[in-house]
Amino acid sequence: MARFVALGDSLTEGVGDPHPSWPNGLRGWADLVAALLAAHDPASDYANLALRGKTARDVAAEQLPAAVALRPDIVTVWAGGNDILRPRLRLDNVLAPLDHALAQFAATTTVIVFTGFEISGSPALTPLRSRVRALNTGLREIARDRGALIADVSERGAWADRRLWAGDRVHPSPLGHQRLAAQVAHLLGLGTVATHVTDPTHATAAPELEPPRPSRFGQTLAAEIDWWRVHAAPHIARWATGASRRELVVPKWSVPVRPAGTFPWFDIDNDLGASSARSQSRPSQ
C-alpha cells in the first residue's frame with residue numbers, strides 16, 4: 001500500500017477544475033494522480049491538505065505537522081504562488097519554510113517539489129516573472145540538496161495555450177490539471193497508463209491540443225477588460241480586505257481516503273476486475 005499526501009495552496013486544492021461531486025467543489029491534478037495510484041494498488045490511500053490562499057509559511061506551519069504524522073510514501077509540495085502575488089516579496093520567507101518542510105520527511109519518502117508558472121496570461125502579470133524565476137532557482141537548489149524530484153512547470157512554451165488555463169489566468173483549467181497529473185505520473189514511473197477514471201476529459205495522458213487561433217486586437221482588448229472586471233479587480237479587493245482568509249473552507253481530504261472506494265468518478269471494475277467500489281458520498285472525517 002502507498003500513501004500519497006499533497007501539500008500546498010489552491011493549485012493543489014484543485015482550483016480551476018470544478019466538479020459538484022467533490023469536496024469544496026474542486027477536483028484537480030492531485031486527485032487524478034491519487035486515482036491512478038489506486039488503479040495500480042486499490043489499497044493505496046490519499047490525503048490532500050492543500051488550501052487556497054496559503055503562503056509557504058502557512059503550508060509549513062499548518063499542513064506539515066499533519067503530513068509528517070501520516071508517514072507518507074509520496075509527498076508533493078507546491079507553494080509560493082501566493083507569496084509571489086504579494087506587494088513585497090522576501091525570498092527567504094518562501095524558501096526557508098519549504099526547505100524545512102522537505103527536511104522533515106524520511107529518506108524513504110518520494111518527495112516532489114513544483115516550480116512556479118511563469119504566468120503570461122496578461123501584460124499585468126509580466127512583472128511577476130522575475131520573481132518566479134528567482135523563486136524557481138531557489139526551489140531547484142533546495143530540491144537537489146534534499147534529494148527531491150522536481151515537477152518543473154516553468155517552461156512558458158509548454159503552457160502557452162490559453163485552453164490550459166482557467167478564466168482567472170493563474171490557475172490551470174481541467175485540461176491543465178490533466179497535464180499536471182500526467183507530469184507527476186511520469187515522475188513516479190507510472191508512465192502514460194490508460195485512464196482509470198470514468199470521465200474521459202480527465203485521462204492521465206497529457207492532452208494534445210490544436211494550436212489556438214490568433215485573436216484580433218479588438219477581441220484581445222475586450223478579453224483583457226473582461227479579465228480585469230471579473231477576476232483581477234475582485235481578487236485585489238479580496239486580498240486587501242483579507243476576505244479569502246475568512247472563507248469557511250477546509251482541506252478536501254484531511255483524513256486519508258482510499259480513492260478506489262471513495263472517488264465518485266473512479267471505477268476499477270473494468271480495469272482491475274474488482275468488485276464495485278464506487279461511492280457517491282464523501283466519507284465521514
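Position 1 is the first residue of the sequence, and the numbers go up from there. The analysis underlying the following values was restricted to heavy atoms, covering all of them including side chains, and did not include hydrogens, waters or symmetry mates.
The shortest distance between side-chain heavy atoms of L7 and W78 does not fall below 4.5 Å. Put simply, the side chain of D31 reaches to within 4.5 Å of the side chain of K252, judged on heavy atoms. Taking the side chain as every heavy atom from C-beta outward, D17 and W29 never approach each other to under 4.5 Å. The side-chain heavy atoms of L51 and T12, taken from C-beta on, include no pair separated by under 4.5 Å. Side-chain contact check for I74 versus L37: some heavy-atom pair is nearer than 4.5 Å. For the pair L164/D161, a side-chain contact is recorded, criterion being any heavy-atom separation below 4.5 Å from C-beta on. Between R140 and S154, some side-chain heavy-atom pair lies under the 4.5 Å cut-off. Using a 4.5 Å heavy-atom threshold, the side chains of P256 and F4 count as separate.
Taking both residues in full, the closest heavy atoms of L180 and F117 are given as CD2-CZ, 4.2 Å, listed atom of the first, atom of the second, then distance. Taking every heavy atom of both residues into account, A260 and P42 meet most closely at CB-O, 3.8 Å. The two residues A60 and P65 have their closest heavy-atom pair at O-CD, 3.6 Å. Across all their heavy atoms, L91 and L135 have their closest contact at CD1-CA, 3.9 Å. Nearest heavy-atom pair, L49 versus A66, reported as atom, atom and distance to 0.1 Å: CD1-CB, 4.0 Å. Nearest heavy atoms, A56 versus A79: CA-CB, 4.1 Å.
With sequence neighbours excluded, the residues forming a side-chain contact (heavy atoms from CB on, under 4.5 Å) with A43 are M1, D41, R258, listed by chain and number. In terms of the salt bridge (Lys or Arg N to Asp or Glu O under 4.0 Å) criterion, D83 has no residue partners (sequence neighbours excluded). By the side-chain contact (heavy atoms from CB on, under 4.5 Å) test, R133 is found to be paired with E118, R129, residues two or more places apart in sequence or in another chain being considered. Applying the side-chain hydrogen bond (donor to acceptor under 3.5 Å, both in side chains) criterion to E13, with sequence neighbours excluded, gives N24, R52.
Between the H177 side chain and the V15 main chain, a donor and an acceptor come within less than 3.5 Å of each other. Judged purely by atom type and a 3.5 angstrom limit, N136 has no side-chain atom pairing as donor or acceptor with the backbone of L139. Counting only distance, with no hydrogens or angles, the side chain of N48 and the backbone of W253 share no donor-acceptor pair below 3.5 Å.
I150 is not connected to V59 by any chain of hydrophobic side-chain contacts under 4.5 Å among Ile, Leu, Val, Met, Phe, Trp and Tyr, and they are in different clusters. Note: the hydrophobic cluster containing L26 does not contain Y46 (ILVMFWY, side chain heavy atoms under 4.5 Å, direct or indirect links).
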Ignoring hydrogens and angles, write down the donor-acceptor pairs under 3.5 Å from the side chains of residues 106-116, residues two or more places apart or on other chains.
unit_1, atom_1, unit_2, atom_2, d
T109, OG1, P72, O, 3.2
T109, OG1, A106, O, 3.4
T115, OG1, D152, OD1, 3.1
T115, OG1, V153, N, 2.9

All N/O donor-acceptor pairs, side-chain side in residues 93-101, below 3.5 Å, sequence neighbours left out:
unit_1, atom_1, unit_2, atom_2, d
N93, OD1, R57, NH2, 3.0
D99, OD1, R146, NE, 2.8
D99, OD1, R146, NH2, 3.4
D99, OD2, R146, NH2, 3.3
H100, ND1, Q104, NE2, 3.3

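Atom NZ of residue K54 and atom OG of residue S10 lie 11.5 Å apart, to the nearest 0.5 angstrom. Of the inter-residue distances, the one linking T76 atom OG1 with L188 atom CG reads 9.0 Å to the nearest 0.5 angstrom. Atom-to-atom distance recorded for T55:OG1 and N82:CG is 7.5 Å, nearest 0.5 angstrom.
One finds a salt bridge joining D45 and R3 here, because a Lys/Arg side-chain nitrogen approaches an Asp/Glu carboxylate oxygen to under 4.0 Å.
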